[in-house]
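Here the structure is laid out as structure tokens; the discussion comes afterwards.
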Amino acid sequence: MRYTAAHWGIYEIAGTDAAPRLQALSGDPDPSPIGLFQLHDDVTALRVRRPAVRRSWLEGGPGNATAQRGGEDFVEVEWEQAAALVATEISRVRQAHGNSAIFAGSYGWSSAGRFHHVPGLVHRFFNAIGSFVRHTDSYSLGAGRVVLPHIVGSLEDMTSGATSRQVMAQATDLFVTFGGVPAKNARVSAGGPGSHRVREALQAMARRGTRFVNIGPVRDNLETGAAHEWVQIRPNTDTAMMLALAFELHRSGKVDTVFLARCTVGYERFLAYLTGASDGIAKTPEWASGITGVAAATMVQLASDMAAHRTMLNIAWALQRASHGEQPFWMLITLAAMLGQIGVPGGGFGLGYGAMNSVGSAHARFAGPTLPQGENLMRNFIPVARIADMLLNPGGRFTYNGGIHAYPDIRLVYWAGGNPFHHHQDLNRLQRAWAKPDTIVVHEQFWTPTAKRADIVLPATTAMERRDIGYASLGGYMVAMDQVTRPLAESRDGYSIFTERRGAGERFTEGRDADGWLRRMYEDCIPRAARAGVTLPSYDVLQQAGIIDYTEVAAPTRRRIRSSPPSAGSRSSPKRSQGSACPIAPAPPVWREPAEWLGAAATARFPLHMISDQPSRRLHSQLDHRPHSQAGKTHGRERVTISPADAAAR
Ligand SMILES: Nc1nc2c(c(=O)[nH]1)N[C@H]1C(S)=C(S)[C@@H](COP(=O)(O)OP(=O)(O)OC[C@H]3O[C@@H](n4cnc5c(=O)[nH]c(N)nc54)[C@H](O)[C@@H]3O)O[C@H]1N2
Ligand SMILES: Nc1nc2c(c(=O)[nH]1)N[C@H]1C(S)=C(S)[C@@H](COP(=O)(O)OP(=O)(O)OC[C@H]3O[C@@H](n4cnc5c(=O)[nH]c(N)nc54)[C@H](O)[C@@H]3O)O[C@H]1N2
Ligand SMILES: [Mo]
């Protein structure tokens, strides 16, 4: 059997060479249907077939009529000419403005496959020719990733070291989740998850009698096969509810003070805030009720139940993808510490059990095959979601993780493997910002909104059209991704595009072709896997077998938080990163009014709060044109769900 991998899963290549077909990996209990639709040819019309240059740019050069990006036609050119235009423009920008005028962050999910993951290739290429302005963090976890090391440890440790679903099915009595465990999300994991087990795990928990309390604006993002309790809360107010739960634990004497004394620092400062000693406002259930819309009695009872049972607190990543997004993560961990069950089987906290298939997976943990990206010596960076701010305010100041930094002046934007005109938060503003750079180069498979707004578009192959290695962290499989179809028209993979370009040469290729890199990346991974108890066979055996299944090798149980008390000061207040110091958030987790919420003064004008969460029938913008995504729409538009009361009023 031959295989391929996508962020939705691992798929078997069936059918004939002339008419290949994808089917789910046999044995996958809950495969995602999305990935089955990668081969539909009704989309060929949407592919980028040949290199193309925006007419005004081709005729007038860099910086010409940039406000017309997105509204102009393209001229198709030969590869050779396109490659020369890009190479000349990179040289021009470097000479005239320096490498700090190049933004090549290229954020995005791209395709599965460790080698052809094209943002990594972009970074390696620009490092090879000097450096570039990069981005930090992700849209997924912008606030969470930054705050966690100051509180408890790295995000990677917290998610890949999460209590496993199996342990929860044996030991968790009460599962309290802020933001459900959406089945739609948990089917995805970067690199290709082979066994989708979230659904069966939730059902196993429910069968054993775990009680589920789902706190959030919607009820249907948790499916356990049984009824569950739903606490309807105003969006963006969860921190206030968590504070009220904490207040109630304190008021009723149910705080595990022994755990707090042994394993945490800073509780006194938090307590002063909780009781109102420091700011005059006690964070009582009545106080929180006015903010959240949740009845005070519900919070009083839930606090008591949490203290009386083995309780797992879960939070969706969505809660930190918001104004003051550090606070709900911080407060959830504080609440779990007060309950004292962190490190006890089935108790404590989890960050994103519904965010990815990997969170809660018990498979062996090791760093998979990776293409080394080289070193970027540039000081300039942006937090990923500041792309529009950067382009609109060159030289302007921003604060990040305790430091003050300046936005660089960007002349060239280079993007491959992401779709900012899908993923950014204020697209009208991004559109204005997008007119600023002299030149925008995009590698794309499809004529996405981002490709349409570029100056030079280079046609990219899909994962179906090349060989690679599929690997999802905590996924339990290593896949020799085989080529399923030939590259369409003149599309090329990112490695070929960068290799052919003079300038980086040996520093980029190290003398290897794509197959040479696949072998090297895999062989580098063998010792890392061995340390995690996984014996990987040779590269040639992988190629013959097509897939290596090590799902039987379990990850070690991890109880570090409970066993090692923190050193005083290490986790009580955020450290400062490079850059000059700036005042940062107050030390304890706090409720702060978000910029947009239903309790704000603007509510009379904006009476509804819209949540645009992750789509269920696609991964971000990917495969939107496939029948599976289109079948979820009405008149070609995504559906909104509206509460019956709000709908009736309209
Ligand atoms: N409203 C709203 N916005 C959101 C979110 C939300 O929940 N709501 N979620 C946010 C989050 S968490 C994220 S991670 C981002 C995701 O944002 P993105 O990762 O940017 O979204 P994708 O649609 O996955 O974009 C990947 C692009 O890469 C292209 N591509 C795939 N493979 C290749 C390849 O091999 N080569 C090249 N050159 N291109 C390739 C695809 O065609 C696609 O256009 O969106 C964020 N934006
Ligand atoms: N099918 C599919 N799966 C995906 C993705 C995709 O595009 N498609 N994207 C993947 C990526 S990149 C990521 S980062 C993860 C993201 O994983 P998450 O961030 O967890 O996913 P979301 O769907 O944005 O939100 C999860 C739930 O949070 C709820 N929610 C929103 N706001 C609030 C709030 O203020 N309070 C409470 N209590 N609940 C709230 C929403 O109703 C939603 O059901 O998903 C991954 N999985
Ligand atoms: Mo994400």
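Ligands are counted one by one from 1 in listed order, and the atoms in each one are counted from 1 as well. The shown structure was predicted, so the numbers you read here are calculated from the model rather than taken from an experiment.
Neither the backbone nor the side chain of R187 has a heavy atom within less than 4.0 Å of ligand 2. Counting heavy atoms under 4.0 Å from ligand 1, residue D493 does not touch it at all. Contact annotation: for L141 versus ligand 2, there are no heavy atoms closer than 4.0 Å. Heavy atoms of R466 found under 4.0 angstrom from ligand 1 belong exclusively to the side chain. Heavy atoms from both the backbone and the side chain of L619 come within less than 4.0 Å of ligand 2.
Taking only non-hydrogen atoms, the option from H423, H620, R492, H116 nearest to atom 13 (C) of ligand 1 is H620. Within the set W447, Y139, Y107, the minimum heavy-atom distance to atom 10 (C) of ligand 1 is found for Y139.
The protein atom (non-hydrogen) at minimum distance from atom 46 (C) of ligand 2 is A355 O, 3.2 Å. Atom 21 (O) of ligand 2 has its closest protein heavy atom at N185 ND2, 2.6 Å. From the protein, the heavy atom lying nearest to atom 24 (O) of ligand 2 is R321 NH1, 3.3 Å. The shortest contact between atom 39 (N) of ligand 2 and any protein heavy atom is with P217 CD, 3.4 Å. Nearest non-hydrogen protein atom to atom 19 (O) of ligand 1 is W109 N, 2.7 Å. Among all non-hydrogen protein atoms, the one lying nearest atom 34 (C) of ligand 2 is D238 OD1, 3.6 Å. The closest protein non-hydrogen atom to atom 9 (N) of ligand 2 is Q614 OE1, 3.0 Å. Here the protein heavy atom with the shortest distance to atom 2 (C) of ligand 1 is S612 O, 3.5 Å.
In this structure, S110 counts as a contact residue of ligand 1, since one of its heavy atoms falls inside 4.0 Å of the ligand. Put simply, no part of G354 is less than 4.0 Å from ligand 2, judged by heavy atoms.
Between R618 and ligand 2, at least one pair of N/O atoms sits closer than 3.5 Å. No N or O atom of H422 sits closer than 3.5 Å to an N or O atom of ligand 1. For ligand 2, the polar-atom distance check against R234 finds no nitrogen or oxygen pair separated by under 3.5 Å. For ligand 2, the polar-atom distance check finds no N/O of P235 at less than 3.5 Å from any of the ligand's N/O atoms. At under 3.5 Å, not a single nitrogen or oxygen of A186, backbone or side chain, sits near a nitrogen or oxygen of ligand 2. Inclusion of V188 in the set of residues having an N or O under 3.5 Å from an N or O of ligand 2 is not warranted. Not a single N or O atom of S140, backbone or side chain, sits closer than 3.5 Å to an N or O atom of ligand 2.
Counting non-hydrogen atoms of other residues, nucleotides and ligands closer than 6.0 Å to CD of Q614 gives a total above 12.
Partner of H443 under the ring-ring contact (aromatic ring centres under 6.0 Å, His included) criterion, out of Y495, Y414, F125: Y414 alone.
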